[in-house]
S.K.: 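My questions all concern the structure below.
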Amino acid sequence: MTFISARKRFRVPWLFHLLVLLVFATGSEAAIQYSVSLAHPEQHLFHVTMTIPDVKGGVTVQMAAWNALYQIRDFSARVQQVEAFAGGEKAAIEKLDKQTWRIQGSGTITVRYATFWDEIGPFGTQLNAEHAFINPAMILLYIPDRRAENVVLSIPNPPENWRAASPSAGGIESPGGTRTFWFKAPTYDAFADGPIEIGNFQEFDLPEVSPRVTVLVHGEKWRRKLIEEDLKRICEYEIKLMEGAPFEHYTFLLHIGKGAGGGGMEHSYSTAIGVSSDEYLAGVAAHEFFHLWNVKRIRPATLEPVDYTKEQYTRALWFAEGVTSTYGSYTLVRSGIWSKDRFYDDLGEQITELEERPANRWQSAEQSSLDAWLEKYPLYNQPEYSVSYYTKGQVLGDLLDILIRDRTNNAKSLDDVLRAMNRDFAEPGKLYRDSLDVRLEAEKVAGGSFEDFFEKYVAGTESFPYQQILGLAGFALRTTERRRAALGFTAERDASGSVVVKSVEADGLAAQAGLRVGDVILTWNGGEPPRRMGRWVSEQKRGDVLRLKVRRDEKEFSLEFPLGETKETVYGVFEDPEASEKARNIREGLLRGETASAQRR
C-alpha cells in the first residue's frame, strides 16, 4: 500500500487537496519530471522518461519493491532497457542491487526505460488496447533522498478518444496541436498515493452527497442506479458517523466485469476497486471508504516513514484492516443495504472462519498483523499456518464494541473510540502506538481498564469468550455439525484477478485428477470461477462433478473430478429471546449505531 506522512497531511492540507492536480508544463522546471508513452498499448509496455534536475556528482534511483499490498513484489523485475544521459551524452549507469541504479553525471540527468504491466485490478497496473490503469509507484523510479520534491507526469499522444482521470481532477489536453495529459503532486509519496485511469470510462457524481464524490467506471454490464444508491448510503453514513469528511473531493475508481475482481485499495482521496459484478461492490466500498479515516489518517506509527525497499512491519493491522471490516459490516446494516439477519450471518461466518483454522489457537491478532508479508506464499495461507487479521480483527471489533456498551450502560460505543482517535491522532497529525493507544483510547471512552482483554485476545491467543460477550448484547451463538461437499483444494484471486490454486489435499480427489498448487483456474463448469467458493460448495453435494480448465506453465488443459465430503462445525448468531432489557438495548444500539442518549430521543 502507499502512504502519505500523516504529519505533513494535516499541517499543509491544501497541498494534498492538489494531489495529482492536472497542470500545464509551465512552472514545472524545478520538479522531477516523468513522461510516459502509451504507444502500442497492446504490447503492455510503458515507455518512461525521467528527467532529474540539479544533479551534482551523480544520482541514485530506485524502483519500489512493494506498493498497494503488504507483499514484496519486486517491480524492478518488469523493468528493461535502462539507459541514462547527461548533457545530451550517454551517462555511465551501474545497477547496485535488484532495484537500485547509480548514474554518473551532473546537471540535468535523463533516464529512459520500459516496464511491462498487464495486471487488472486495484493492486496492479495495466496497459492494453482498452485502457491504462496506473499505480504510479509500480512504474516510476524515484530518488531515495529527493522524495519530498515536486513531481510532474506528462502522457503525450494518448490513444484517440481516451480521457484521463485521477483522484482530484480529470484529464485535460495541453493547448496547441499535441494532446498531452499533465499531472502534478507535491511529493513522490503523494503521487504514489493517486492511481490514474486513462481510457473510455464513464463518470458521474453521487447525487446530493457533500462533499463531492465522483464515480469513474471502466467496465460493462453495471447498473448506475444500484451503484449510486449503495455508494450514496455508504458515504453519507460514514461521513455522519465520523462527524465530517476529511476531503473536498473523493473518487471511486471502479473496474467492473469478468476478470476484474480483486477487492479494493484505499488512497487518501480515492479508492480503486475491482469486482466481477456490481452486486459485490457495496461490501468492498463500505470497507474502503472507511479507510479514509482508519489507516490513511488514523495511522499507526509503525507504518511511517514509508520504506519502499523492504517490509514495513506493524502489529496494528488487526485494527487498521480488521476493525475497518467491523465498520464495513456496521455501515451496511446501519444504512439499510443489509438486513439485520444478513449482518448476523456475516458475523457467524467470521466466527466459523476463525474457529475452523487451527492457527487461531496459536497466532494472535498482533502476530497475524506482523506476518502479513508472508501472505504471498501458498503454504502460509493454509488453515494450519495462519489466521487472517481481517477476520480476527473484525470479530475483536464487535466484541470490544459490546463490552464498551455494556460497561457504560450503552452510553458509549466503539464509534466513540474511532471518533476519539480521529480527534486525538488524525486531526493534529499524530501517529498512534499500535495496540497500546487503541487500548488507552477505549479505556478513556469506557472509563475502565481493557488491559486483560488486549493481553488475552489481541496480543494473546486465548479463545474468544463468544457466548459471554455476545450474550451482553442479547445474542446467542449456536453451533451445528454438518456434512457438506468439499473441493479438496483452496484457491484465491491474486492481484491481477486470476484465480490461483493455493493448496491441494494430498489424498483428495482433486489431487488425484491432477490439480496442482499454482494452477490458474480459467473456467469453472464452463463459466467464471465463483466469487465465494465456500458459498458455491455449500450449494453442492458429495459426488457432484466439477470441471475445470486450468493454465500451468503457459499450457491449458481440462480436468474433472467429483466433489468429496467433509464434516464441519458451523457457528450461527441469533437473537436471544430471553435477553435482558439492557442487552436488547445494546443489540439495537449496535445495529443502528446509536447509544442510550440517542435511543431516548
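For this chain, numbers begin at 1 and follow the sequence in order. FYI, side chains are in, hydrogens and waters are out, and symmetry mates aren't considered; it's all heavy atoms of this structure. Small disclaimer: the values here were computed from a predicted structure and weren't measured.
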S.K.: Kindly write out the residues that satisfy salt bridge (Lys or Arg N to Asp or Glu O under 4.0 Å) with Glu355, not counting sequence neighbours, or none if the list is empty.
M.R.: Arg361
S.K.: Can you check whether Thr391's main-chain N or O pairs, donor with acceptor, with Gln350's side chain at less than 3.5 Å?
M.R.: no
S.K.: Rounded to the nearest 0.5 Å, what separation is found between the OH atom of Tyr327 and the CG atom of Leu332?
M.R.: 14.0 Å
S.K.: Are Asp189 and Tyr308 linked by a side-chain donor-acceptor pair shorter than 3.5 Å?
M.R.: yes
S.K.: Among all residues two or more places apart in sequence or in another chain, which pass the side-chain hydrogen bond (donor to acceptor under 3.5 Å, both in side chains) test with Glu568?
M.R.: Arg482, Arg484
S.K.: Relative to each other, are the rings of Tyr390 and His287 parallel, tilted or perpendicular (30° and 60° limits)?
M.R.: tilted
S.K.: Please enumerate all residues that pass salt bridge (Lys or Arg N to Asp or Glu O under 4.0 Å) together with Glu384, with sequence neighbours excluded.
M.R.: none
S.K.: May I ask you to decide whether Lys430 forms a salt bridge with Asp437, counting only side-chain N to carboxylate O separations under 4.0 Å?
M.R.: no
S.K.: In chain order, what residues pass the side chain to side chain contact (heavy atoms under 4.5 Å, CB included) check against Phe247, with sequence neighbours excluded?
M.R.: Pro211, Val213, Ile239, Ala245, Tyr250, Tyr269, Phe289, Leu292
S.K.: So does Glu578 have more than 12 non-hydrogen atoms from other groups sitting under 6.0 Å from CD?
M.R.: no
S.K.: Can you name the residues that form a side chain to side chain contact (heavy atoms under 4.5 Å, CB included) with Leu374, not counting sequence neighbours?
M.R.: Asp371, Tyr377, Tyr380
S.K.: Which residues satisfy the side chain to side chain contact (heavy atoms under 4.5 Å, CB included) test with Glu455, sequence neighbours excluded?
M.R.: none
S.K.: Not counting sequence neighbours, which residues clear salt bridge (Lys or Arg N to Asp or Glu O under 4.0 Å) with Asp544? List them please.
M.R.: Lys541
S.K.: If I compare all heavy atoms of Ser268 with all of Asp193, which pair ends up nearest, and what's the gap?
M.R.: OG-OD2, 2.8 Å
S.K.: Please check: side-chain N/O of Asn135 versus main-chain N/O of Pro195, any donor-acceptor pairing under 3.5 Å?
M.R.: no
S.K.: Is the shortest distance from a Lys or Arg side-chain nitrogen in Glu243 or Arg423 to a carboxylate oxygen in the other one below 4.0 Å?
M.R.: no
S.K.: In Å, rounded to the nearest 0.5 Å, how long is the span from NZ of Lys392 to CD1 of Ile351?
M.R.: 13.0 Å
S.K.: Quick check: are there more than 12 heavy atoms from other residues, nucleotides or ligands sitting under 6.0 Å from CD of Glu451?
M.R.: no
S.K.: Kindly write out the residues that satisfy salt bridge (Lys or Arg N to Asp or Glu O under 4.0 Å) with Arg342, not counting sequence neighbours, or none if the list is empty.
M.R.: none
S.K.: Hey, are the side chains of Thr302 and Arg315 touching, using non-hydrogen atoms and a 4.5 Å cut-off?
M.R.: no
S.K.: Picking from Thr595, Asn410, Asn585, what satisfies side chain to side chain donor-acceptor pair (under 3.5 Å) with Arg405?
M.R.: Asn410
S.K.: Could I get the full list of side-chain hydrogen bond (donor to acceptor under 3.5 Å, both in side chains) partners for Arg439, not counting sequence neighbours?
M.R.: Glu443
S.K.: Is it possible for you to check whether Arg407 lies under 6.0 Å from the centre of the six-membered ring of Phe450, through NZ or CZ, and within 45° of that ring's axis?
M.R.: yes
S.K.: Do other residues, nucleotides or ligands put more than 12 heavy atoms under 6.0 Å from the CD atom of Glu539?
M.R.: yes
S.K.: Under the side chain to side chain contact (heavy atoms under 4.5 Å, CB included) rule, collect the residues that match up with Tyr313, sequence neighbours excluded.
M.R.: Glu311, Leu370, Trp373
S.K.: State which residues pass side-chain hydrogen bond (donor to acceptor under 3.5 Å, both in side chains) with Asp74; sequence neighbours excluded, sorted by chain then number.
M.R.: Lys98
S.K.: Give, for atom CD1 of Ile404 and atom CG of Leu414, the distance between the pair rounded to the nearest 0.5 Å.
M.R.: 5.0 Å
S.K.: Please enumerate all residues that pass side-chain hydrogen bond (donor to acceptor under 3.5 Å, both in side chains) together with Asp345, with sequence neighbours excluded.
M.R.: none
S.K.: Given Thr490 and Ser503, is the side chain to side chain donor-acceptor pair (under 3.5 Å) satisfied, shown in steps?
M.R.: CA-CA 5 Å; Thr490 64; Ser503 67; 2.5 Å; yes
S.K.: Is a side-chain N or O of Asn360 found less than 3.5 angstrom from the main chain of Arg357, in a donor-acceptor match?
M.R.: no
S.K.: Does one side chain, of Ser329 or Asp346, offer a donor that lies under 3.5 Å from an acceptor on the other?
M.R.: no
S.K.: Could you report the tightest heavy-atom contact between Ala260 and Ile120, atom names first, then the distance?
M.R.: CA-CD1, 3.7 Å
S.K.: Do the charged groups of Arg233 and Glu229 touch, with an N to O distance under 4.0 Å?
M.R.: no
